[in-house]
Amino acid sequence: MDAIDHKALAELLFPDVKMTPEDLEAKYPPRDLPEGAAVTRLAPSPTGFIHFGNLFPAITSERLAHQSGGVFYLRIEDTDAKREVPGAVEIIINSLAYFGVRFDEGAVMDGDRGNYGPYRQRQRREIYHVIAKKLVADGLAYPCFCTEEQLDDIRARQEKEKANFGYYGEWAVCRELSLDEVKKKLDAGMPYVLRFRSNGSIENKIKHIDLIKGELMLTENDIDHVLLKSDGIPTYHFAHVVDDHFMRTTHVIRGDEWLSTLPFHLQLFDALNWKRPKYLHNAPLMKSEGGSKRKISKRKDREAALSYYMEAGYPAEAVFEYALNTLNSNFEQWRMANPDSPATEFKFSVKKMSPSGALLDIDKLRDISKNVIAKMDARTVYDLLTEWAKAYDPEFHDIITKDPEYTINILGIGRGGKKPRKDAAVWGDFRDLISFFYDPLFKPEYEYPDNLNKDDIIAILSEYQGIYDPADDNQVWFGRVRELAEKHGCCPDMKKYKEDPSGYKGHVGDVSMVLRVAVCGRTQTPDLCEIMRIMGAEMVHRRIAQAIENLKAAD
RNA sequence: GGCCCGUUGGUCAAGGGGUUAAGACACCGCCCUUUCACGGCGGAGACAGGAGUUCGAUUCUCCUACGGGUCACCA
């Protein structure tokens, strides 16, 4: 068998490529970073949809880089034009920025930033071709002219023979094409892809250490995978190896769906004599359904989209902390010990990452979110709430921004101190929580304690109209309620009532409840005295009058 | 089907030959309390199954089951 002239083939295929791999090495030198600094990246394809699951590798990458004084960059994998959606890059950048993931380098809003670009793969065509040419010249890649039909046929035969699928060994019919044959096909204008010439065998096992999964026993790759598609654009595999080499990535963090092609990637790094990056493969985020787990699906699950969390109004910080907690479960211990430190001070550890897929736990997210919101001051809550409402609940936004001071006072109820209220998990909860403070949103449901009859209630309310004084502090305020209770046959002392309820219609709590229901139109509220103070005497009196009227009209 | 990965309470998980097998969320009960929320105290609840190695396996090995991934000119 005559050895084909690989150099001649390389020239034939890539006559315009003049640069050499050495030129590229010089253009993209190793980064000047301190020892141990990690260079990581996020490499999404611009489909316009960001999966919630993407947040996990994104945060892992971001933490690893920024915690070590390294670099975190964004690379756009736009090698598949069919799936690309206009404006997708902006959506990616904006959504991730919202959740606290920021890039130092890469594809940013207006073009690119950094010395290792371009950061959009379609603009890197020449770079891939330089390496592709070298691979051909070294006899490690060859053109394949097989049509789709031919490939289908190969597969059908493999299925019949129960052989492994793929383009390899004897099935790789274009592998040994002579220079003349290639020339002929080229002259005939036949399209071709460039394939890697694998020298691997599935008989061989390779050991590889993944930073998350640990020691892996993988099967060597024997498939002649496609490096360049017929349009000259690289496949993911080739782009990954070339880009992460020249962008000097140290840690590749990606989903574990890539595990099966990892042997090929390693093989490519070795074939090019490049240093392999470290790999971290993480399991996908799961969802529980009917007692079993399954991967969260973009089609079936609303919560799969990152935008879902923005719409529901989870504070970005809460989502960030939730993700951090799922990634490193010791985060919550750290959070308890450091309640006021920013989450970025937490020492993120790769060793703590679980090799198996976590289930999305909305309860946990809500709990974290409640704590995050509870720690904010009223002004911050106001700013974030109104910002959210502006986008997702404009009617509510207009109502609460009419009198900012009033709203901030409302949002300040039960806030601060050692045991702050935790009744809101998302911005969307606030509408219901505070609606009764605003006349346009006030939809009272008058449910009074049933141990008091209608006349008692009317009497209590009418009398309260005369004694309410907005100047009263909490003690005085409650003192008046007690007096009122006693006057209407209710025990002013809860303890005493519990010991012996006989001789009373009810207790002071019932009277408070009557006032609460009349003023707020509901049975569950924060501290009533504070509510009244914030509402102001006019509104309190008006609400009580309205309640009395409603009672009288009920007959 | 081939190959690969995974499996500790309902959920997230610590632990990695000898432990009463942490903690958090959720759940339940009690307490605090003018309702709710908060907070405090307590409760129930787990090493997928089977072999093997060992004096001893949740921990190491193998098999089975289950779950997941992948086998494209998609990433």
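Just so it is clear: chains get the letters A, B, ... in the order the sequence lines come, proteins before strands, and each one is counted from 1. Excluded from the calculations below are hydrogen atoms, water molecules and symmetry mates; all remaining heavy atoms, backbone and side chain alike, are included.
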[M] and [N], which share atom name [atom1], separated by this distance in whole Å:
N     : M     : atom1 : answer
B/C25 : B/G42 : P     : 14 Å
B/U58 : B/A46 : P     : 15 Å
B/G43 : B/G49 : C1'   : 30 Å
B/A26 : B/U20 : C1'   : 25 Å
B/A14 : B/G23 : C1'   : 8 Å
B/G2  : B/G10 : P     : 32 Å
B/G9  : B/A24 : C1'   : 13 Å
B/U64 : B/C4  : P     : 12 Å

[X] side chain, from C-beta outward: closest of [options]:
X      : options             : result
A/Q333 : B/C36, B/G23, B/A26 : B/G23
A/K213 : B/G6, B/U34, B/C5   : B/C5
A/K422 : B/A24, B/C3, B/G39  : B/G39
A/M336 : B/A26, B/A24, B/C4  : B/A24
A/M513 : B/U35, B/A13, B/C38 : B/U35
A/T219 : B/C3, B/A26, B/A14  : B/C3

Could you tell me the Watson-Crick or G-U partner of [N], where both distances fall under 3.5 Å? Say none if there is no partner.
N     : result
B/G6  : B/C66
B/C30 : B/G40
B/C47 : none
B/C55 : B/G18

(request) Could you please spell out the steps behind the salt bridge (charged side-chain N to carboxylate O under 4.0 Å, His left out) verdict for A/K375 and A/E317? (result) CA-CA 11 Å; A/K375 267 186 280 177; A/E317 204 184 331; 5.8 Å; no

If I take atom [atom1] in residue [X] and atom [atom2] in nucleotide [N], what distance separates them, rounded to the nearest angstrom?
X      : N     : atom1 : atom2 : value
A/Q524 : B/U34 : CD    : C1'   : 14 Å
A/L216 : B/G6  : CG    : C1'   : 11 Å
A/E332 : B/A22 : CD    : C1'   : 12 Å
A/D429 : B/C36 : CG    : P     : 19 Å
A/R522 : B/U35 : CZ    : P     : 17 Å
A/R254 : B/C5  : CZ    : C1'   : 14 Å
A/M217 : B/C62 : CE    : P     : 10 Å
A/L266 : B/C4  : CG    : C1'   : 14 Å

Assign [X] to base, sugar-phosphate, or nothing according to its heavy-atom contacts below 4.0 angstrom with the strands shown.
X      : value
A/D361 : base
A/D510 : nothing
A/T525 : base
A/S512 : base
A/K205 : sugar-phosphate
A/P526 : base

Between [X] and [Y] (salt bridge meaning N to carboxylate O under 4.0 Å), is one present in this structure?
X      : Y      : answer
A/R75  : A/E77  : yes
A/R122 : A/E84  : yes
A/R254 : A/D244 : no

(request) Quick one: sort the A/F52 and A/Y322 rings into parallel, tilted or perpendicular, breaks at 30° and 60°. (result)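 The arrangement is parallel - the two ring planes meet at less than 30°.
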
(request) Just say parallel, tilted or perpendicular for the rings of A/F264 and A/H225, cut-offs at 30° and 60°. (result)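 Ring orientation of A/F264 relative to A/H225: tilted.
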
(message) Is there, by distance only and without an angle test, a donor paired with an acceptor across the side chain of A/R421 and the base of B/C36 below 3.5 Å?
(response) yes

(request) Using heavy atoms to find the nearest nucleotide of RNA chain B for A/K419 and A/V508 separately, return the residue whose nucleotide is more 5′. (result)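 Of the two residues, A/V508 wins.
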
(request) For A/M494 and for A/P284, find the nucleotide of RNA chain B with the closest heavy atom, then tell me which residue's nucleotide is more 5'. (result) A/M494

(request) Establish, from distance only, whether the side-chain atoms of A/T525 and A/R516 form a donor-acceptor pair under 3.5 Å. (result)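 There is such a pair (donor and acceptor under 3.5 Å, judged by atom type) between the side chains of A/T525 and A/R516.
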
(request) State, without any angle test, whether A/D432 and A/S435 hold a side-chain donor-acceptor pair at a distance under 3.5 Å. (result)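 Looking only at side-chain atoms, A/S435 and A/D432 do not form any donor-acceptor pair under 3.5 Å.
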
(request) Quick one: do A/D510 and A/K505 satisfy salt bridge (charged side-chain N to carboxylate O under 4.0 Å, His left out)? Show the steps, please. (result) CA-CA 9 Å; A/D510 294 324; A/K505 285 182 191 165; over 6 Å; no

(message) Check this one for me: any side-chain N or O of A/K352 less than 4.0 Å away from OP1 or OP2 of B/G15?
(response) yes

(message) Between A/Y236 and A/W258 (judged by ring centroids, cut-off 6.0 Å), do the two rings come close enough to count as a pair?
(response)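 Yes, close enough.
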
(message) I need a per-nucleotide contact map over nucleotides 70-75 of chain B, read 5' to 3'. Cutoff is protein heavy atoms under 4.0 Å; write B for the base, S for backbone only, - otherwise.
(response) SSSBBB

